[in-house]
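Chain identifiers are assigned alphabetically (A, B, ...) following the order of the sequence lines, protein sequences preceding nucleic acid strands; residue numbering begins at 1 within each chain. These values consider heavy atoms only, across backbone and side chains, with no hydrogens, waters or symmetry-generated copies.
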Amino acid sequence: MSDLEDLYQELILDHSRHPRNFGHIEKPTCEAQGYNPLCGDKINLSIKIQDGVINDVKFEGSGCAISTAAASMLTEEMKGKKINEVDPIFQAFHSLVTGSDKKTDIDLGKLASMEGVKEFPMRVKCATLSWHTLKAALEKKEEIVSTE
Amino acid sequence: MSDLEDLYQELILDHSRHPRNFGHIEKPTCEAQGYNPLCGDKINLSIKIQDGVINDVKFEGSGCAISTAAASMLTEEMKGKKINEVDPIFQAFHSLVTGSDKKTDIDLGKLASMEGVKEFPMRVKCATLSWHTLKAALEKKEEIVSTE
Amino acid sequence: MKKFDPHALRREFPIFNRKIFGKPLTYLDSAASAQKPRILLESLKSFFENHYANIHRGVYLLSFEATEMYEAARNKVAQYLGTQNPKEIVFVRGATEGINLVATCFGKTFVHEGDEILISHLEHHSNIVPWQMMVEERGAHLKVIPINQNGDLDLEAYQKLLTKKTRMVAVTHVSNALGTVNPIRTLSDLAHKRGAKILVDGAQALAHAPTNVCELDCDFYVFSGHKLYGPNGIGAVYGKKELWEKLPPYQGGGDMIESVTFEKTTYAHVPQKFEAGTPNIAGAIGLGAVIDFLKTLDWESIKIHEKNMVDLILKGLAEFPQVKLIGMPTQRMGVVSFVIDAIHPHDIGTILDREGIAIRAGHHCAQPLMDFFKIPATVRASVGIYTTPEDIQTFIVGIKKVLEVFKL
Amino acid sequence: MKKFDPHALRREFPIFNRKIFGKPLTYLDSAASAQKPRILLESLKSFFENHYANIHRGVYLLSFEATEMYEAARNKVAQYLGTQNPKEIVFVRGATEGINLVATCFGKTFVHEGDEILISHLEHHSNIVPWQMMVEERGAHLKVIPINQNGDLDLEAYQKLLTKKTRMVAVTHVSNALGTVNPIRTLSDLAHKRGAKILVDGAQALAHAPTNVCELDCDFYVFSGHKLYGPNGIGAVYGKKELWEKLPPYQGGGDMIESVTFEKTTYAHVPQKFEAGTPNIAGAIGLGAVIDFLKTLDWESIKIHEKNMVDLILKGLAEFPQVKLIGMPTQRMGVVSFVIDAIHPHDIGTILDREGIAIRAGHHCAQPLMDFFKIPATVRASVGIYTTPEDIQTFIVGIKKVLEVFKL
Ligand SMILES: Cc1ncc(COP(=O)(O)O)c(C=O)c1O
Ligand SMILES: Cc1ncc(COP(=O)(O)O)c(C=O)c1O
């Protein structure tokens, strides 16, 4: 498979065209905005938390295929996760998309399909925008997260 | 003679150390200020004119040897000249210090000793500052003349 | 004047030896910044290795040479812009700083509460934000000349917006996002009739054709060296002498003063008054060298050639029903903007990049224009004097590849 | 770290092959601008020929590389100044623009009617005029720390001048006219105790020794690349992050915004907020390359060497009773200023020039300091990392020649 076909594989195209959990949760526990000035991607992430568990998470916004698919998959994978699981998963995901060597035994599920990003260092920010936004929401940061 | 000895010849050193007609005329017909930002030279030229003839001319100010000597010689040579003689003399002097080829039969008197300036293009402005100031005074220009 | 041959000319630009992911470089982003001819580096080398010194007030040979070279560059810029008076040229970092300088200094002298500044809906952020900042400070208002769906200025609306309150009209010569060429002479005649001044943002125009500020009859004209095949960090503002003389200084420092005491500072004459501190000496000299080079070119042929390249792009894109052009200006220069339904410009950029093709994807610092077309971003292909038909062919094949990857 | 050898180092500077009136170049004007090492041109060549593109927002490889190189340069500057956070570094044209930026933006936020700004009697016009302009606009006052005949700051007077009204102390690290090294840490501690901020003009300091803004505990530190053996048109301002974040933007345009509509514009984060428009990309990258080169040098030895060169000048000049030194600072760096009775500095400059010796003659953009010493101008000899004992010897012989020509 070429780099490009690896990056824009079926699963990712599918998520980018039909993003899951697209929308806004009413009365979310927390939410945050993310912004990637590089491509103008904007994202809003709203989250419902109960007893330390992410009960529901939705996103809104417009972005490139990579950032949309990443956000869509994030919502799928994060639903039902404990808050303190977020960080290790993000770190494993970050290692994956940057191609760093750090070994991990965390199961990334569908997120693993984003490995192709590692050949496109310019796109790492697209893949991680929703993650930074998630972290900001959990830390209840007020300001808009920027990847720059 | 070397370029330097030619430039700083006895006559010029003498005029720079003992400038003639140094001072300010009381109730001048016209006067003007000149300024050379390159070396900070400042000059004030005051003139008394009667019946189209420069009756008296004096200068004040501080400057390098070249500009002081040039001003001193200017006052000596211009005294008694008709106003309409100034321009041709200035032009002849300008040709002399820039080393231009323009032939002229104007007698420059002591001013001829400034020929050495032509090997020092950076110093032409010093040699001509008092001349520009003279012209400004005659044209009754208000603003300070600057050689830049 | 050499006969124009884009392939020969291209050899003057060393970067085209670079391979991108193993492929030749197809550079279609000259509107963002143009590539550099060999002569630029040669001139920098010659300056740094033989003549380098700080300028002005230096009493030794190197400084004299550097000063002469710097002032000669000012002369070259003046001539290239069609004015005989080099004192009308102020060196700045680029178009952005130039507009900020004029907005700030013009504002201080001429703009009062309730006055109006007129810009257009086509403008680059650089020709919007400085005016916004200035009008806010001075209690004045910003008015916007509307455009139509083609991306042309609405001239009737312009005439209505021009009132006695209008102090300045600030418009781009060529739109960086759509390629629209504005009818500057018409705009300036109308502005002047109303007693307003006009600033022309020439950032996108000058690279495609020499211009003449006297024929345009504009009051200010700004441009960036780096878009004119020249170095970074240098650009210039042309301004009419009478106007320059009425403006207060911009930045304070060395070289812009006549004398300083703690009580009172008097300022130097134009243009030094507006060039505080050590300027980008090497940048100005490099720009001068590039202008010398540009002057040897056959611009009549280049204009035809660049138009052909733009037409080739338009023709190539017309083959794809998925491609939607943004803007169809009556007069276009250098730039084609488009979107593909269901593919984000950023993804298009990435796929083209793997083919060695450099295009720009984004809002092109023209967000209000994007808002007008109700899109967040476009893909922009722009041409330069070195663009060849092969570049365009590669680009069109690249677009085909984009559609394949996205299975459209 | 290579063992320091000024003759070997000098060979890295191609200009020393230049002959001036048939003589080798004796360059004693580094304080005005430093000569350029070979590496500078190499880095510009490599950038222009292999990686050139506009930065930020580019989705293709060249633009990515250029962006990384530009941001790497910011990192290098940050580290060289001793801060870990590259976001505290804003690129500007040079020290002059840096001071203007801080004066304007700091003024808008923190300076109100009746407030005071404290500068010193040693300052370069660049650290006087921007504050004059700002206080005039804001109805504030400029106060001046006096100096003594040696050219040292009067610290007692400083403490008295520091009041609750003092918003900012702006002082030079090293005086360009006298070579005085100011006790910055003492000044900043005292300023901070009074609740004032401190800006340090590092234009003359950085070339003679790496510095550490954290140890100085200054709020802003500015310098020019061209005095640090780097390119023209680039310099930087270090500022503490909390402070940067409180300042409004300086110039408006591309890259400094987050979003623009005609109604409302929101600004990007620091440092982009202060870098409107296309910056001097190549300049920053060239400066980064020069900093890499400087970091390989043995600065402890260089400091000793430069001090030796300055001492040689002082010793040489002491032989001539006609020579009068201007300023005898307790701590001196890089610079010696003097006058010769009955010979104008400009004439001295011309005579030395014929011997291939480059010195500066003039007021050194420090007219208030000249007024203090009641002179219009001085001759200034300044040293750099490439200065050799032979240079000083040539210079002293040159002074003898000056006296001969003037028959003194
Ligand atoms: C139309 C227009 N105006 C102004 C600018 C700003 O130029 P610079 O970034 O060189 O200051 C640009 C470049 O992006 C432009 O295209
Ligand atoms: C102490 C000092 N401050 C500021 C400046 C201004 O630097 P620049 O002209 O590079 O902006 C200089 C250089 O002349 C200087 O010596």
Taking all non-hydrogen atoms of both residues, which atom of D:Pro14 and which atom of C:Glu49 are closest, and how far apart? CG-OE2, 3.6 Å
Toward chain D, the part of C:His364 with a non-hydrogen atom under 4.5 Å: neither
Which bit of C:Leu101 comes within less than 4.5 Å of chain D, counting heavy atoms only: side chain, backbone, both or neither? neither
With a 4.5 angstrom heavy-atom cut-off, is it the side chain or the backbone of C:Glu355 that approaches chain D, or both, or neither? neither
If we only count heavy atoms from C-beta on, is the C:Tyr250 to D:Asn100 side-chain gap below 4.5 Å? no
Contacting region of D:Val135 [heavy-atom separation from chain C under 4.5 Å]: neither
Least distance between heavy atoms, D:Gly253 atom then C:Pro130 atom: N-CD, 4.5 Å
Counting heavy atoms not belonging to D:Glu42, are there more than 12 under 6.0 Å from its CD? yes
Residue pair C:Thr96 / D:Asp255, side-chain heavy-atom distance below 4.5 Å: no
Which atoms of C:Glu137 come close to chain D, meaning under 4.5 Å heavy atom to heavy atom: side chain ones, backbone ones, both, or neither? side chain
Residue pair C:Thr265 / D:Gln132: nearest heavy atoms and the distance that separates them: OG1-OE1, 2.6 Å
Taking the side chain as C-beta and beyond, is there a heavy-atom pair between C:Phe47 and D:Leu41 under 4.5 Å? no
Side chain, backbone, both or neither of C:Lys45 within contact of chain D (heavy atoms, under 4.5 Å): both
Where does D:Lys108 contact chain C at under 4.5 Å (heavy atoms): side chain, backbone, both or neither? side chain
Got C:Pro249 and D:Met133 here, is their nearest side-chain heavy-atom distance under 4.5 Å? yes
Within-4.5 Å side-chain heavy-atom neighbours: D:Tyr60 and C:Ile359: no
Given the options C:Asn232, C:Asn280, C:Ile234, which has more heavy-atom pairs under 4.5 Å with chain D than any of the others? C:Asn232
Check this for me: C:Lys264, atom NZ, are more than 12 non-hydrogen atoms of other residues, nucleotides or ligands nearer than 6.0 Å? no
Under a 4.5 Å heavy-atom cut-off, does chain D meet the side chain of C:Ile128, its backbone, both or neither? side chain
Relative to chain C, which segment of D:Ile55 carries a heavy atom at a distance below 4.5 Å: side chain, backbone, both, or neither? backbone
From CZ (C:Arg38) to CZ (D:Phe48), nearest 0.5 Å: 14.5 Å
Spacing of CG belonging to C:Asp353 relative to CZ belonging to D:Phe64, to within rounding of 0.5 Å: 10.5 Å
Hey, are the side chains of D:Leu61 and C:Phe21 touching, using non-hydrogen atoms and a 4.5 Å cut-off? yes
Do you know which of D:Met256, D:Lys36, D:Gln251 has the most heavy-atom pairs under 4.5 Å to chain C? D:Gln251
Can you tell me which portion of C:Lys143 sits under 4.5 Å from chain D's heavy atoms? Options are side chain, backbone, both or neither. neither
D:Glu97, part contacting chain C, at a heavy-atom distance under 4.5 Å: both
Among D:Thr278, D:Thr261, D:Ile348, the residue with the most heavy-atom pairs under 4.5 Å to chain C is D:Thr278
Under a 4.5 Å heavy-atom cutoff, which of C:Ala282, C:Cys365, C:Ala366 has the most pairs with chain D? C:Ala282
Between chain C and each of D:Ala34, D:Pro345, D:Ala32, count heavy-atom pairs under 4.5 Å; write down the option with the most. D:Ala32
The interface call for C:Leu25 against chain D, heavy-atom contacts under 4.5 Å, is side chain
Quick one: which of C:Ile20, C:Leu44, C:Val144, C:Leu142 has the most heavy-atom pairs under 4.5 Å with chain D, could you say? C:Val144
Atom group of C:Val379 that falls short of 4.5 Å from chain D, counting heavy atoms: neither
Please find the pair of heavy atoms, one from C:Gly254 and one from D:Ser126, that lie closest to each other, and give the distance. N-OG, 3.5 Å
Side-chain (D:Gln35) to main-chain (C:Tyr52) donor-acceptor, under 3.5 angstrom: yes
Taking every heavy-atom pair that is under 4.5 Å apart, which of C:Pro231, C:Ser224, C:Gly233 has the most such pairs with chain D? C:Gly233
For chain C, find which of D:Val260, D:Val59, D:Thr104, D:Ile257 contributes the most heavy-atom pairs closer than 4.5 angstrom. D:Val260
As an exercise, state the distance from NE2 of D:His363 to OG of C:Ser259, rounded to the nearest 0.5 Å. 9.0 Å
Which bit of C:Tyr267 is near chain D, if near means a heavy-atom gap under 4.5 Å: side chain, backbone, both or neither? side chain
Highest number of heavy-atom pairs under 4.5 Å with chain C among D:His51, D:His124, D:Lys227 belongs to D:His51
Option in C:Asp371, C:Thr350, C:Leu62 with maximal non-hydrogen atom pairs under 4.5 Å from chain D: C:Leu62
Side chains of D:Asn54 and C:Asp29 in contact at under 4.5 Å (non-hydrogen atoms): no
With a 4.5 angstrom heavy-atom cut-off, could you sort out which part of C:Leu352 is near chain D: side chain, backbone, both or neither? neither
Name the option with the most non-hydrogen atom pairs under 4.5 Å to chain C; the candidates are D:Ser63, D:Ala276, D:Ala95. D:Ala276
Side chain from CB out, backbone as N, CA, C, O: work out which of these in C:Pro368 comes under 4.5 Å of a heavy atom of chain D, or both, or neither. both
